[in-house]
*Asks:* 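One structure is given below, represented as structure tokens, and several questions about it will come after.
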Amino acid sequence: MRIARWFLPGLNIKRWVFLLSLGVIMAGEGIAIASDLRFLARIEQVLLEFGRSIAGGQASPVGLGVAVFVVGVGLCAYAVNRLVHSIVGALAPGATDSLTDIVFQKRYLERGPRIVAIGGGSGLSVLLRGLKEYTNNITAIVTVADDGGSSGRLRRDIGMLPPGDVRNCLVALADTEPLMEALFQHRFRKGELRGHSFGNLFLAAMTEMTGDFEEAVRQSSKVLAIRGRVLPSTLENVTLCAEVAGGNVVRGESSIPQPGRQIRRVFLDPPDPQPLPEAIRAIEEADAIVIGPGSLYTSIMPNLSVRGIAEAVRRSKALRIYVCNVMTQPGETDGYDAAAHVLAVAGALGEDAIDAVVCNSEEAPEPARRRYLEQGAVPVGGDVELGGATVVSKPLVTRGDYVRHDPHELAKCIMRLMGRVRKGRNVVLS
């Protein structure tokens, strides 16, 4: 019988089942003694005499019964706790989370709000790291227009969609061993593999095995035990193009950011690629849609240029939030203040398709600002006015070598917006 297997040697189960049984019996005996019942008369008489001998003959049946009941309940609680830990330890060996954390992740987070995050690059990864602490119902819609670095090499060599942004989002949502996360982000330094990340090669191998990039991402999500899902905005092989000042057209995501070049608009070639149906469905079912943070023209706009994505966001009944970047990006958003960022996104979506804008109000540490200034990047400042949209300015940057959003503060701000702001209302978040 399968039940008998629980009592085989080595499972660390029998002792706690025995202790639980003893606790139940003692709790029952405590009730019997206090109520003067005859449950197990001989045992009750022995316990009563034993208690009186300890108390010098002064112990009453009620007091002794209560004491025995409390001890029994305590044994039950301890036995159940150890029994559950034995089972959890067998199912997830080496897990460092407490039982409370495990139950919280599996139950509370599964009932969290449905949030769609649209973008790419390191900005979207930062957002996802914070959001996964509030809900498991996250869908990251990621651009597949990258043509530089490891992703560009794999795209040219084997014809697969660029995996870099997808990999970053998978790792950001991962609920697995830190070593596995470090492995997926490891970048080779020598030989023919120099510059490739292990995660990109893993996705390339999964794509070749399954014959489908979407399925490769789905299977990789299981390996990393991610909270949520990552979806490419399209499965078509697209090239990002930019029309710059003077009317020239630049092809290729990696070629677009150039110093002194003003971008007028970006578009995809071939035009109007088919969106992933699951991405459209996720937008339609979302409670909140978060656009950004991320490179304005090379991470956010490519997603909104996919047929149906911008239209689905416009039609959505979800709370639609744009997170403005902390710093400008050389060759891409030179001279842009917060209002210019917002107007660019509103131009792709429509002014009434943004319900809230989140901006950083905190200055980055001086050493980091100087380092960014040497590269041509400056803090994004200025006021934003966009119809009836709620505008939130809060301290959101990390304290470190990089000037970027703090994932926890940003996620907290998003969740508070969802609780305080409703479409059609301009509620200021304190």
Side-chain angles (χ1 to χ4, degrees), residues 117 119-130 143 146 148-152 164-165 168-169 171-172 181-182 185-187 189 194-195 197 242 244-245 250 253-263 266 290-301 321-345 357-384 391-414:
S122 59
L124 184 59
S125 301
V126 167
L127 172 67
L128 298 177
R129 289 182 187 277
T143 177
D146 191 5
S150 173
S151 291
D165 285 348
N168 284 331
C169 291
V171 171
E181 179 176 336
Q185 294 289 53
H186 175 74
R187 200 169 289 275
R189 300 183 181 91
R194 182 178 179 180
S197 74
V244 298
V250 181
E253 184 267 348
S254 60
S255 301
I256 290 174
Q258 294 293 333
R261 178 181 288 169
Q262 183 180 0
I263 300 173
V266 294
V290 185
I291 302 167
S295 301
L296 180 61
Y297 289 110
T298 55
S299 291
I300 294 175
M301 291 302 187
I321 304 168
Y322 171 62
V323 180
C324 190
N325 290 345
V326 175
M327 305 290 292
T328 62
Q329 292 183 280
E332 188 166 339
T333 55
D334 296 304
Y336 275 44
D337 60 5
H341 281 80
V342 173
L343 288 175
V345 176
V357 178
V358 175
C359 301
N360 170 61
S361 63
E362 184 178 17
E363 286 192 359
E366 182 61 29
R369 284 214 316 271
R370 284 199 303 267
R371 190 162 51 252
Y372 274 76
L373 185 59
E374 292 173 358
Q375 302 170 5
V378 298
V380 175
D383 297 326
V384 175
V391 179
V392 179
S393 294
K394 292 180 66 68
L396 294 172
V397 296
T398 57
R399 293 289 178 178
D401 295 334
Y402 296 97
V403 184
R404 57 182 54 162
H405 288 91
D406 182 289
H408 306 293
E409 290 299 322
L410 179 56
K412 187 191 303 182
C413 181
I414 297 297

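Owing to the predicted nature of the structure, the values given are computational and were not obtained by experimental measurement. All residue numbers in this chain count up from 1 along the given sequence. Side chains are part of it too, since the values below use all heavy atoms of this structure and drop only hydrogens, waters and symmetry mates.
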*Asks:* List the atom of P407, the atom of R129, and the distance in Å for their closest heavy-atom pair.
*Replies:* CB-CB, 4.1 Å
*Asks:* One pair to check against side-chain contact (heavy atoms from CB on, under 4.5 Å): H405 and L127. What are the steps and the verdict?
*Replies:* CA-CA 8 Å; H405 288 91; L127 172 67; over 6 Å; no
*Asks:* For a quick test of reading the model, state the closest non-hydrogen atom pair linking L296 to A344 and the distance between them.
*Replies:* CD2-CB, 3.8 Å
*Asks:* Should the pair E409-K412 be classified as a salt bridge under the 4.0 Å nitrogen-to-oxygen rule?
*Replies:* yes
*Asks:* Search all heavy atoms of S125 against all heavy atoms of N168 and return the closest pair with its distance.
*Replies:* OG-CB, 3.3 Å
*Asks:* Would you name the heavy atoms of V358 and I414 that are closest together and state the gap between them?
*Replies:* CG2-CD1, 4.4 Å
*Asks:* Inspect the surroundings of CD in Q258 and state if more than 12 heavy atoms from other residues, nucleotides or ligands are less than 6.0 Å away.
*Replies:* yes
*Asks:* Dump the intermediate steps for side-chain contact (heavy atoms from CB on, under 4.5 Å) on V250 and R261, then the final yes or no.
*Replies:* CA-CA 10 Å; V250 181; R261 178 181 288 169; 3.4 Å; yes
*Asks:* Kindly compute the distance separating CD1 (I256) from OG (S295), expressed to the nearest 0.5 Å.
*Replies:* 10.5 Å
*Asks:* Any side-chain heavy atom of V326 within less than 4.5 Å of one from R404?
*Replies:* no
*Asks:* Keeping the roles fixed (side chain from S151, backbone from G164), state whether a donor-acceptor pair exists under 3.5 Å.
*Replies:*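 Yes: the side chain of S151 pairs with the backbone of G164.
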*Asks:* Quick one: are L124 and D165 in side-chain contact, heavy atoms under 4.5 Å?
*Replies:*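 Not in contact.
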*Asks:* So, using ring-ring contact (aromatic ring centres under 6.0 Å, His included) as the criterion, who are the partners of H408 when residues are at least two apart?
*Replies:* none
*Asks:* Taking the side chain as every heavy atom from C-beta outward, state whether Q329 and T298 have any atom pair closer than 4.5 Å.
*Replies:*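 Q329 vs T298: side chains apart.
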*Asks:* Is it true that a side-chain atom of N325 and a backbone atom of G294 form a donor plus acceptor pair closer than 3.5 Å?
*Replies:* yes
*Asks:* Quick check: are there more than 12 heavy atoms from other residues, nucleotides or ligands sitting under 6.0 Å from CD of Q262?
*Replies:*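 Counting neighbours around CD of Q262, 12 or fewer heavy atoms of other residues, nucleotides or ligands fall under 6.0 Å, so no.
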*Asks:* Search all heavy atoms of S150 against all heavy atoms of G195 and return the closest pair with its distance.
*Replies:*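 That closest heavy-atom pairing would be CB-O, 3.5 Å.
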*Asks:* Just by distance, do the side chain of S299 and the backbone of G119 share a donor-acceptor pair under 3.5 Å?
*Replies:*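 No, because the side chain of S299 does not come within donor-acceptor range (under 3.5 Å) of the backbone of G119.
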*Asks:* R369 side chain to A364 main-chain N or O, any donor-acceptor pair under 3.5 Å?
*Replies:* yes
*Asks:* Do C324 and V380 have side chains that get closer than 4.5 Å, going by heavy atoms?
*Replies:*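 With C-beta onward as the side chain, the pair touches.
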*Asks:* Taking the basic N atoms (NZ, or NE/NH1/NH2) and the acidic carboxylate oxygens, is any pair closer than 4.0 Å for R370 and E366?
*Replies:*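 Salt bridge present between R370 and E366.
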*Asks:* Would you check if L396 and E362 make a side-chain contact, meaning some heavy-atom pair closer than 4.5 Å?
*Replies:*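 With C-beta onward as the side chain, the pair stays apart.
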*Asks:* Would I263 and E332 count as a side-chain contact (heavy atoms from CB on, under 4.5 Å) here? Give the steps.
*Replies:* CA-CA 7 Å; I263 300 173; E332 188 166 339; 4.1 Å; yes
*Asks:* Which atom names give the shortest non-hydrogen contact between V384 and C359, and what distance separates them?
*Replies:*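 Answer, listing the atom of V384 first, then C359: CG2-SG, 4.1 Å.
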*Asks:* Look at the side chain of Y322 and the backbone N and O of V345, then say whether any donor-acceptor pair between them is shorter than 3.5 Å.
*Replies:*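 Side chain of Y322 to backbone of V345: no pair is present.
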